[in-house]
Student: 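Next up is a structure, given as structure tokens.
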Amino acid sequence: MGVRCLFAQQRFFFLMIGIMMPTFFFTFPSKPQLKLTHHGPGSTPMSSSWTQSQGHGGGGGGMNHRRVGMRVPLGLKGKVSRILVTGGAGFVGSHLVDRLIERGDHVIVIDNHFTGRKENVLHHVGNPRFELIRHDVVEPIMLEVDQIYHLACPASPTNVMGTLNMLGLAKRVGARFLLTSTSEVYGVRSCYDEGKRTAETLTMDYHRGHGMQVRIARIFNTYGPRMCIDDGRVVSNFVAQALRKEPLTVYGDGKQTRSFQYVSDLVEGLIRLMEGDHVGPFNLGNPGEFTMLELAKVVQETIDPNAKIEFKPNTEDDPHKRKPDISKAKELLGWEPTVSLHDGLPRMVDDFRQRIFGDHEKETGKTNAVA
Ligand SMILES: O=c1ccn([C@@H]2O[C@H](COP(=O)(O)OP(=O)(O)O[C@H]3OC[C@@H](O)[C@H](O)[C@H]3O)[C@@H](O)[C@H]2O)c(=O)[nH]1
């Protein structure tokens with residue numbers, strides 16, 4: 001009897017606990033959470049408080065970052081576009097961002113700053129329509145946007161993950177996706193450019209398999225301000241060498257040709273492609289063809305007529321000629337380059353001069369101060 005009573009009491013006790021536990025959890029709010037914008041693993045917003053406070057319209061109308069699986073609320077499309085530019089702190093990306101901001105769009109840049117530089121977009125910081133997130137696209141991220149310009153995709157097989165993540169994001173939020181591929185897909189197959197071919201294939205698979213809106217651009221040699229000074233490309237090499245009073249290094253006999261596109265022409269092409277109705281792939285490049293010796297001459301004329309030329313051995317697989325056929329872009333996008341090499345080169349020289357000697361002068365100043 002005593003034992004039964006004990007069981008009865010215990011049953012009652014456990015019953016009470018069973019009722020109280022859920023009541024407690026539903027009645028009392030859980031510990032208040034720090035409401036920081038969550039971008040995904042490994043991401044660092046440039047300024048989280050800034051990111052937080054600028055709701056870009058708030059109430060679901062801005063670039064608020066949502067849980068994976070949520071869709072862009074209907075009715076927002078057709079207004080100001082919310083645009084993600086991956087690699088937006090880089091050479092081409094930052095010029096694209098300038099144009100989009102100028103147009104009135106909301107722009108989110110994600111960049112891991114491997115080759116992109118914060119300085120390239122610093123002039124937009126503080127603008128409520130701009131946000132910079134330090135993030136590597138190989139990690140997933142959730143952002144509500146209408147369009148994605150995927151520039152953070154070096155020609156390397158390892159970066160297929162980045163493209164997959166961005167395609168996944170575009171699919172989830174119903175964004176239009178533009179892939180920047182490269183003229184190198186036309187070259188001899190190598191491990192280096194295989195990543196871009198794979199990215200194109202994946203993009204087309206998402207288009208066909210999931211009905212996603214995609215665009216593909218194949219970018220040819222491009223130059224302009226904010227180009228990496230020491231990335232080894234011929235235009236940046238020649239300009240930096242001429243400014244530093246070093247000889248211009250011409251590889252091989254210098255008779256190989258390239259066609260050089262000024263960055264603003266490329267940006268115009270990318271925007272037209274994104275806004276147009278055609279998937280592509282479209283070649284975006286300037287068909288004006290120059291030998292490397294001719295390019296060296298233009299650099300001499302622009303910077304230093306006394307600059308010397310030094311011939312160096314070329315690599316075996318260097319393409320002898322590269323010239324884009326842009327007839328498709330002309331016809332379907334109404335696009336063609338407008339800036340010649342003679343006009344574009346001086347515009348980039350000012351930027352290079354400032355970056356090379358500006359930094360140098362700072363360094364010298366520092367040294368003097370210490371001495
Ligand atoms: O100092 C230099 C550098 C390069 N060159 C030559 O200049 C030509 C152009 O070389 P770059 O490295 O600038 O450009 P490439 O055409 O080889 O490819 C580059 O542009 C197109 C993109 O799609 C590629 O990803 C990129 O590597 C080559 O023939 C190269 O041998 C020189 O003569 N001197």
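Position 1 is the first residue of the sequence, and the numbers go up from there.
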Student: I'd like to know if the side chain of Thr257 pairs up with that of His320 as donor and acceptor (distance under 3.5 Å, no hydrogens or angles considered).
Tutor: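 Judged by distance alone, the side chains do not pair up.
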Student: Decide whether Ile356 and Leu248 are clustered together by the hydrophobic rule: side chain heavy atoms of Ile, Leu, Val, Met, Phe, Trp, Tyr closer than 4.5 Å, transitively.
Tutor: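 Yes, because Ile356 and Leu248 connect within a single hydrophobic cluster, where side-chain heavy atoms sit under 4.5 Å apart.
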Student: Please check: side-chain N/O of Asp146 versus main-chain N/O of Arg82, any donor-acceptor pairing under 3.5 Å?
Tutor: yes
Student: I'd like to know if the side chain of Glu200 and the backbone of Ile216 have a donor-acceptor N/O pair within less than 3.5 Å.
Tutor: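 Here the side-chain-to-backbone pair does not exist.
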Student: Calculate, to the nearest 0.5 Å, the distance between atoms OG1 and NE2 belonging to Thr180 and His150 respectively.
Tutor: 7.0 Å
Student: Cation-pi between Arg258 and Phe290: NZ/CZ under 6.0 Å from ring centre and within 45° of the ring axis?
Tutor: no
Student: Would you say the side chains of His124 and Asp98 form a donor-acceptor pair under 3.5 Å?
Tutor: yes
Student: Could you check whether Asp231 and Ser236, counting side-chain N and O atoms only, form a donor-acceptor pair closer than 3.5 Å?
Tutor: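 Asp231 and Ser236 do have a side-chain donor-acceptor pair below 3.5 Å.
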Student: Test Leu332 against Phe282 for side-chain contact (heavy atoms from CB on, under 4.5 Å), laying out the working first.
Tutor: CA-CA 9 Å; Leu332 298 176; Phe282 285 95; 3.9 Å; yes
Student: Identify which one of Ile326, Thr222, Leu341 satisfies the side chain to side chain contact (heavy atoms under 4.5 Å, CB included) criterion when paired with Gln261.
Tutor: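 Passing option: Thr222.
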Student: Strictly distance-based, threshold 3.5 Å: is any side-chain N or O of Asp105 a donor or acceptor partner for the main-chain N or O of Val107?
Tutor: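 Flag not set: sc Asp105 to bb Val107 has no pair under 3.5 Å.
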Student: Got Phe91 and Thr115 here, is their nearest side-chain heavy-atom distance under 4.5 Å?
Tutor: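 The answer is no; the side chains never approach within 4.5 Å.
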Student: Please report the interatomic distance CG(Leu84) to CD1(Ile133), rounded to the nearest 0.5 Å.
Tutor: 7.5 Å
Student: Where do Ser94 and Gly90 come nearest, in terms of heavy atoms and distance?
Tutor: OG-O, 2.8 Å
Student: Using a strict 4.0 Å threshold on nitrogen-to-oxygen distance, state whether Lys245 and Asp304 make a salt bridge.
Tutor: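 Counted as a salt bridge, because a side-chain N and a carboxylate O are separated by less than 4.0 Å.
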Student: Would you check, one step at a time, whether the test side-chain contact (heavy atoms from CB on, under 4.5 Å) holds for Ile141 with Asn165?
Tutor: CA-CA 8 Å; Ile141 190 165; Asn165 282 335; over 6 Å; no
Student: Answer yes or no: is there a side-chain heavy-atom contact under 4.5 Å between Leu143 and Ile148?
Tutor: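 No, too far: nothing below the 4.5 Å cut-off.
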Student: Compare all side-chain heavy atoms of Tyr262 with those of Arg347 and state whether any distance is below 4.5 angstrom.
Tutor: yes
Student: Using side-chain contact (heavy atoms from CB on, under 4.5 Å), reason through Leu345 and Val235 one step at a time and then give a plain yes or no.
Tutor: CA-CA 9 Å; Leu345 206 66; Val235 183; 3.8 Å; yes
Student: Is there a side-chain contact between Lys255 and Met292 (heavy atoms, below 4.5 Å)?
Tutor: no
Student: Using the rule that Ile, Leu, Val, Met, Phe, Trp and Tyr join whenever any side-chain heavy atoms are under 4.5 Å apart, tell me whether Met166 and Val279 fall into a single cluster.
Tutor: yes
Student: Test your reading of the model: is there a side-chain donor-acceptor pair from Trp335 to the backbone of Leu266, 3.5 Å cut-off?
Tutor: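 Judged by distance alone, no pair lies under 3.5 Å.
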Student: First locate atom CG of Asn120, then atom SG of Cys228, and finally report the distance between them rounded to the nearest 0.5 Å.
Tutor: 8.0 Å
Student: The test is side-chain contact (heavy atoms from CB on, under 4.5 Å); show your working for Tyr223 and Met348 and say whether it passes.
Tutor: CA-CA 8 Å; Tyr223 70 98; Met348 126 172 214; 3.7 Å; yes
Student: Looking only at non-hydrogen atoms, find the nearest pair between Ala152 and Gly87 and report the distance.
Tutor: CB-N, 3.4 Å
Student: Verify, without hydrogens or angle tests, whether Gln256 (side chain) and Tyr251 (backbone) share a donor-acceptor contact under 3.5 angstrom.
Tutor: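 Side chain of Gln256 to backbone of Tyr251: a pair is present.
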Student: With a 3.5 Å distance limit and no angle check, can you tell me whether His95 reaches the backbone of Pro225 through a side-chain donor-acceptor pair?
Tutor: yes
Student: Is a salt bridge present between Lys321 and Glu289, judged by a nitrogen-to-oxygen distance below 4.0 Å?
Tutor: yes
Student: Are the side chain of His207 and the backbone N or O of Gly211 linked by a donor-acceptor pair below 3.5 Å?
Tutor: no
Student: For Gly276, is there any backbone N or O sitting under 3.5 Å from a side-chain donor or acceptor partner on Arg215?
Tutor: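 Flag set: sc Arg215 to bb Gly276 pair under 3.5 Å.
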Student: So, does Glu301 use its side chain to make a donor-acceptor pair with the main chain of Val298 at under 3.5 Å?
Tutor: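 Not at all, since once roles are kept as given, no pair shorter than 3.5 Å links the two residues.
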Student: Between the side chain of Asp111 and the main-chain N/O of Ala89, is any donor-acceptor distance below 3.5 Å?
Tutor: yes
Student: Could Arg197 and Glu184 be called an ion pair, given the rule that one side-chain N must be under 4.0 Å from one carboxylate O?
Tutor: no
Student: Answer yes if the side chains of Ser183 and Arg218 hold a donor-acceptor pair under 3.5 Å, and no otherwise.
Tutor: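 Their side chains do not contain a donor-acceptor pair, so the 3.5 Å distance test is not met.
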Student: Would you call Arg272 and Glu336 a salt bridge, using N to O less than 4.0 angstrom?
Tutor: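 No, no charged N to carboxylate O under 4.0 Å.
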Student: Minimum heavy-atom separation for Met212 to Ala170, with atom names?
Tutor: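 Closest heavy-atom pair between Met212 and Ala170: CE-CB, 3.7 Å.
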Student: Measuring from atom NE2 of His210 to atom CZ of Arg208, what distance do you get when rounded to the nearest 0.5 angstrom?
Tutor: 11.5 Å
Student: Looking only at side-chain N and O atoms, does Asn221 offer a donor or acceptor that is under 3.5 Å from a partner on Ser259?
Tutor: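 No, no side-chain donor-acceptor contact under 3.5 Å.
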Student: Could you check if a side-chain atom of Lys171 sits within less than 4.5 angstrom of a side-chain atom of Tyr206, using non-hydrogen atoms only?
Tutor: yes
Student: Please name the pair of heavy atoms, one in Leu333 and one in Gly269, separated by the smallest distance, quoted to 0.1 Å.
Tutor: CD1-O, 4.4 Å
Student: Do Val125 and Val97 share a hydrophobic cluster, counting only Ile, Leu, Val, Met, Phe, Trp and Tyr and linking them when any side-chain heavy atoms are less than 4.5 Å apart?
Tutor: yes
Student: How long is the span from the CG atom in Leu243 to the CZ atom in Phe352, to the nearest 0.5 Å?
Tutor: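 Rounded to the nearest 0.5 Å, the CG-CZ separation comes out at 8.5 Å.
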Student: To the nearest 0.5 Å, tell me how far Arg172 CZ sits from Glu144 CD.
Tutor: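 One gets 12.0 Å once the value is rounded to the nearest 0.5 Å.
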Student: Can you see which heavy atom on Leu284 is nearest to which on Ala217, and at what distance?
Tutor: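 Result for this residue pair: CD1-CB, 3.8 Å.
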Student: Would Phe114 and Leu151 show up in the same hydrophobic cluster when neighbours are defined by side-chain heavy atoms closer than 4.5 Å?
Tutor: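 Phe114 does not cluster with Leu151.
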Student: For Tyr186 and Asn283, does a side-chain donor sit closer than 3.5 Å to a side-chain acceptor?
Tutor: yes
